[in-house]
There are 2 protein chains.
Amino acid sequence: MPHPDAADLVLTDVLFALSDPARLELACRLTEGPLEVAACHPVGGEIPKSTLSHHLKTLREAGVIRNKPYGRQRQVSLRRDDLEARFPGLLAAVLSPALTQASPPR
Amino acid sequence: MPHPDAADLVLTDVLFALSDPARLELACRLTEGPLEVAACHPVGGEIPKSTLSHHLKTLREAGVIRNKPYGRQRQVSLRRDDLEARFPGLLAAVLSPALTQASPPR
DNA sequence: CGAACTGTTCAACTATTATCGAACCATGAG
DNA sequence: CTCATGGTTCGATAATAGTTGAACAGTTCG
């Protein structure tokens, strides 16, 4: 299961991966810590496994997340350091408005 | 020719608009100042007018650029202040790596 | 007015992306 | 080994995005 090197991250690929509401929302939740794939379903409700897996693949191939075996499941985590090294400030700038938008208004 | 209000800018739309290499490169050039549409062609070479107009539409509808009549042509400009107000730091985080990537490597 | 100039819109086509069921693969438990 | 569990991959279809020529619209100049 291939992950791009930190130095090879492509900005347009990262932006594209985060330009989908479901993927952006997941990236936000991953700032809290790693999740198993089963916990990566959108907040609204369950989606088919294959659809979820496709979104994870998009994020992984762009270098936004890491997806590694973890016992009989897999652990999904945000590649914070790699993203910060390659695109300083980007993650904060993208996720902070998304987080405030997600939190309950008032 | 509709432009979204600054308060209505949608993050995923902005990210999507900037996730295309040609559009991202144009956004970079617009940091230098406004351009006429004819000057918005990608650096590599000319593209059909209708294709260029389509990319400008994508950027405009996302709220990244403003496109206003200017004599017999149109002036294209970056909506820096509006973007900064809605998504602080985003533009800098996105364009600074793109700018260094564009400048001659050494 | 009428022609030239600058861009946008339209319509058709192509290409990429999303969605989802079914088949498949690996791991751990019995 | 066998079976259940947790996820990925495959293949087909639907939806969205990109590309482009041609037609159209606004502005300026003669």
Practice task
Could you run through nucleotides 12-22 of chain C and give me one letter per nucleotide, 5' to 3': B if any protein heavy atom sits under 4.0 Å from the base, S if only the sugar-phosphate is that close, - if neither?
Solution key: -----SSBBBB

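- Panel note: side chain B:Arg29, backbone B:Ala39; a donor-acceptor pair is recorded below 3.5 Å.
- You can see that DNA chain D meets the heavy atoms of chain A within a 4.0 Å-exclusive cut from D:dT5 to D:dT9, reading 5' to 3'.
- Each end of the helix from C:dC1-D:dG30 to C:dG30-D:dC1 yields a helix axis from five base pairs, and these two axes differ in direction by 20° (to the nearest 10 degrees).
- Follow the hydrophobic side-chain contacts under 4.5 Å out from B:Val10 and you never reach B:Val14; the two are in separate clusters.
- For residues 5-21 of chain B, the set of pairs meeting the side-chain hydrogen bond (donor to acceptor under 3.5 Å, both in side chains) definition, not counting sequence neighbours, is empty.
- The hydrophobic cluster containing A:Phe16, built from Ile/Leu/Val/Met/Phe/Trp/Tyr side-chain heavy atoms closer than 4.5 Å, also comprises B:Phe16.
- Legend: residues meeting side chain to side chain donor-acceptor pair (under 3.5 Å) with A:Glu84, ordered by chain and number and at least two apart, are absent.
- A heavy atom lying under 4.0 Å from DNA chain C marks none of the residues of residues 24-32 of chain A.
- Contacts between residues 65-79 of chain A and DNA chain C, counted as heavy-atom distances below 4.0 Å, involve A:Gly71, A:Arg72.
- Checking side-chain atoms of A:Arg79 against main-chain N and O of A:Ile65 turns up no donor-acceptor pair under 3.5 Å.
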Which pairs would a plain distance check flag for residues 51-64 of chain A, meaning a side-chain donor or acceptor within less than 3.5 Å of a matching protein atom at least two apart in sequence or in another chain?
residue, atom, partner, partner atom, Å
A:His55, ND1, A:Arg23, NH1, 3.2
A:Thr58, OG1, A:His54, O, 3.1
A:Arg60, NH1, A:Pro2, O, 2.7

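- Shown here are the salt bridge (Lys or Arg N to Asp or Glu O under 4.0 Å) partners of A:Arg66, two or more places apart in sequence or in another chain: A:Asp82.
- Pairs of residues two or more places apart, or lying in two chains, never qualify as side-chain hydrogen bond (donor to acceptor under 3.5 Å, both in side chains) while including a residue from residues 37-48 of chain A.
- Minimum heavy-atom separation, A:Val94 to B:Leu11: O-CD2, 3.3 Å.
- Under the side-chain contact (heavy atoms from CB on, under 4.5 Å) criterion, B:Arg80 pairs with B:Thr31, B:Leu78, B:Leu91, sequence neighbours left out.
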Exercise for the section: Show the numbers, then the answer: is there a side-chain contact (heavy atoms from CB on, under 4.5 Å) between B:Met1 and B:Arg74? Expected result: CA-CA 12 Å; B:Met1 175 162 287; B:Arg74 277 161 182 279; 3.4 Å; yes

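- Protein atom CZ of B:Arg60 is 15 Å distant from nucleotide atom P of C:dG7, rounded to whole Å.
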